[in-house]
Protein chains: 2
Amino acid sequence: MSAPIPRPAEPRETHPDTVDPRVEALVNEVIGRVADKWTMIVLEVLTEHGELRFTRIGEFAGGISQKMLTQTLRQMERDGLVLRTVHPVIPPRVEYRLTDLGLSLAEAFCGVWQWAEANIARIEHARAAFDAAKAG
Amino acid sequence: MSAPIPRPAEPRETHPDTVDPRVEALVNEVIGRVADKWTMIVLEVLTEHGELRFTRIGEFAGGISQKMLTQTLRQMERDGLVLRTVHPVIPPRVEYRLTDLGLSLAEAFCGVWQWAEANIARIEHARAAFDAAKAG
DNA sequence: GTCTTCACTCTCTTTCAGGTAAGTATAGAT
DNA sequence: ATCTATACTTACCTGAAAGAGAGTGAAGAC
């Protein structure tokens, strides 16, 4: 009994304030793409340090593989979040920086970031209480 | 040549404004836990509809399995984001609603949500341009 | 007696994100 | 000739996430 829970046929709006499901789906997709671990970290690194080269971002990000870094960066570039500048020299020199869109996203995430920072203690306390209650 | 990119030994702070890595790690963990797909969706559903029963949340969430819903809800309860009320009747009746902490998180995420909604077009345009440039 | 409801819980299987390691291209230095 | 630096690709592999589907328990309806 645990296949996906089916959505009700149609008329199931207790509250009238439901969002257009297509918008909801799009927003979810965007958030899903944008809110993954590495994207957020790269976003933060670039916000903090400005324009950086590939390897440098990797150093600041901490623990990311080249593969994931390339992948994340490409995705962000495709989404218009970062600008990639290739200098045609050898050895190659590629620099990345946030676009205005990227900066605005960083700003939006700032709230969450701050929330997390401000509420770590509360969450840890809640967890301890929960675990204690379960154990006892 | 793609093992994790090593962090530089120590003295590599071009910018002085680097955050305490321990705080950074904690924040990342919290965000990682809090910002997954289903948590965000459940958060939104509960924000929009107030107190709801298990199955109801599943219906609103769309496409979630019972297993994932249980798991997500438990995690959120543990983190102090939702309150779980069991009515000792048969068949069981369990209701979930956001705590103040949960509400404050929803509020913080509101910015991202709005950003996503406001910038879907820009992202899609960027993607189209990127793909076209690559193909042509 | 068995059927239904609800909120799970368990197990099995598949999917996939992400890690490792190696390869590529180029020019200048040794 | 070989080595180095840089920014990637590519191929392979593994562990964890998550989906499917069945099972559970208890009371009341039939």
For atom [atom1] of [X] and atom [atom2] of [N], their distance in whole Å:
X     : N      : atom1 : atom2 : result
B/K67 : C/dC6  : NZ    : P     : 23 Å
B/M68 : C/dT15 : CE    : P     : 18 Å
B/E77 : C/dA7  : CD    : P     : 15 Å

Legend entry - Residues forming a side-chain hydrogen bond (donor to acceptor under 3.5 Å, both in side chains) with A/R122, sequence neighbours excluded: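 Residues passing side-chain hydrogen bond (donor to acceptor under 3.5 Å, both in side chains) with A/R122: A/N119.
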Legend entry - Non-neighbouring partners of B/R97 that pass side-chain hydrogen bond (donor to acceptor under 3.5 Å, both in side chains), sequence neighbours left out: none
Phosphate contact ([N] OP1 or OP2) by [X] side-chain N/O below 4.0 Å:
X     : N     : result
B/R56 : C/dC6 : no
B/T70 : C/dC8 : no
B/T55 : C/dA7 : yes
A/R93 : D/dA7 : no

Legend entry - Residues from residues 79-92 of chain B lying under 4.0 Å of DNA chain D - heavy atoms: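 Within residues 79-92 of chain B, the residues near DNA chain D are B/I90, B/P92.
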Legend entry - Approximate separation, where rounding is to 0.5 Å, of A/L101 CG and A/L83 CG: 12.0 Å
Legend entry - A/V42 side chain reached by A/L69 side chain, heavy atoms, under 4.5 Å: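 Result yes, sub-4.5 Å side-chain heavy-atom pair found.
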Legend entry - Donor-acceptor contact below 3.5 Å, side chain A/T99 vs main chain A/L81: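 Such a contact is found between A/T99 side chain and A/L81 backbone.
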Legend entry - Pair A/E124 + A/R127, salt bridge at N-O below 4.0 Å: no
